[in-house]
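The block underneath contains the structure these notes are about, expressed in structure tokens.
In what follows, residues are counted from 1 in the order of the sequence shown.
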Amino acid sequence: MSSAEHIAEDRAPDGVRPPSRLRQLAAASIGNAVEWYDWYAYSFLAVYFAGQIFPEGAGNSLVPLLSTFAVFAVGFFMRPVGGLLMGALADRRGRRTALTLTILLMGGGSLLVALTPTYAAAGVAAPLILVVARLVQGLSVGGEFAASTTFLVESAGPGRRGLFSSFQYVSTTVGQLLASGTAALLAALLTEQQMGEWGWRVAFLVGALLSLLGLWIRRGAHETRSEQQAADRPGLFEALRRYPRQSLLICGITAGGTIAYYTWTTYLPTYAQVNAGFDKGDSLTVGTLSLAFFALLQPLGGMLSDRIGRKPLLLGFSLGFAVLAVPLLHLVTDSFASLLLVQCAGMVLLTGYTAIAAAVNAEVFPARVRAAGIGFPYSLTVALFGGTAPYVGTWFKQAGHADLFPWYVAALCLVSFLVYLTLPETSRQKLER
């Protein structure tokens, strides 16, 4: 019997057929892909709508674009709030309830971006509406990780938590690829003027429609929270109050992973352009190819962790980046092959973290506070170290110390390596329900 059939046909010990694991996997993965499609569409299309929403200042044509990315950052720092609030909702009202709300919020935020009036038509109300939309989307993305991580791992059959965990980043990457593909298709079909006037809105309308599809799929998902948990309503800050060590542990687990992830999947093309004079169009092509390669690696990493354990992969990832981040980034030249090699090599190492991050995080906390316990410290760490990676890299360059950024990445990965050494091996342990 194939692995897919095993996932779909697992039976409970009493012979009663549980809900389809494939349906559970689809509910978490498709919704997560939609969430990240909307999130990344903003950054890909900002160059087209920035001038419509924000007025230029003092003759500086970069002011609208800078303002647009400032709003993007505001959304990023709403993620910890979403992780806390939506995580607590998942613990109190159920994982499916939280997943339904997060995708509704993301769809609503995407629709609001699509319908945002221009500055010429609405004045200061235009940027204010965009800010509200990004706040809603930031809240949604933060809550999505908390709820979908918990849901994915709790839906997995025995010995498959790593495999199910890997689809967290498979779906995230698919969403990123869909966003870049949609932006590229619209740019190819429409003129520059059409893209600036109304074309960019189409991508966000598509996101809103995709959210409805994700909502429909999630409505058929099975709740993973137990009946005993349903009778228990933990407080909003209970995970932080009762499990401070575990909360700090999530930060340590995440720090190296998030800086490596955002450096290799988001910032590396820009790093190559700024530091090696790499062609902009070629860097985007390399990024797309390496992301597709990265998505294919995730299930392999997840299945490997179910066989040999989580710690070997985590230690290999963190030590690999601590030792190789500096030489790998120094290998980046203006050659297409060099950037592709460096990016794919980093993706292989990175898989040791991303493929199992959801499982490792879920195995840290007891079930009653699992979603909130994961959501807040994870999202806070991502906002502090992952979301700031492009800014820090650019700042080092402007300060004349571009060579320090690879050492910064290596140092954070070394911190996580030390944290991983203290972790118990949890792959064989039964997950508390």
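Applying the salt bridge (charged side-chain N to carboxylate O under 4.0 Å, His left out) test to pairs two or more places apart or on separate chains, none has a residue in residues 192-203. Contacts classified as ring-ring contact (aromatic ring centres under 6.0 Å, His included) and involving residues 338-362 (residues at least two apart or in different chains) are given here: Phe317-Tyr353.
Side-chain atoms of Val382 and Tyr261, non-hydrogen and from C-beta on, never get closer than 4.5 Å to each other. Residues Tyr378 and Thr149 have side chains not in contact (no heavy-atom distance under 4.5 Å, counting atoms from C-beta outward).
Figure legend: cation-pi geometry between Arg79 and Phe145 absent, as NZ or CZ is not positioned both under 6.0 Å from the six-membered ring centre and within 45° of its axis.
Looking at Ser416, its side chain does come within 3.5 Å of a backbone N or O of Gly256 through a donor-acceptor pair. Asp38 contributes no side-chain N or O that, together with a main-chain N or O of Ser110, makes up a donor-acceptor pair within less than 3.5 Å. Counting only distance, with no hydrogens or angles, the side chain of Arg161 and the backbone of Ala156 share no donor-acceptor pair below 3.5 Å.
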Step by step, work out the side-chain contact (heavy atoms from CB on, under 4.5 Å) result for Thr426 and Lys311.
CA-CA 9 Å; Thr426 54; Lys311 285 189 71 171; over 6 Å; no
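Separation of the Phe321 and Trp264 ring centroids falls under the 6.0 Å cut-off.
Every residue two or more places apart in sequence or in another chain that forms a salt bridge (charged side-chain N to carboxylate O under 4.0 Å, His left out) with Arg218 is listed here: Glu144.
The aromatic rings of Tyr267 and Phe405 sit perpendicular to each other, their planes meeting at more than 60°, with 30° as the lower class boundary.
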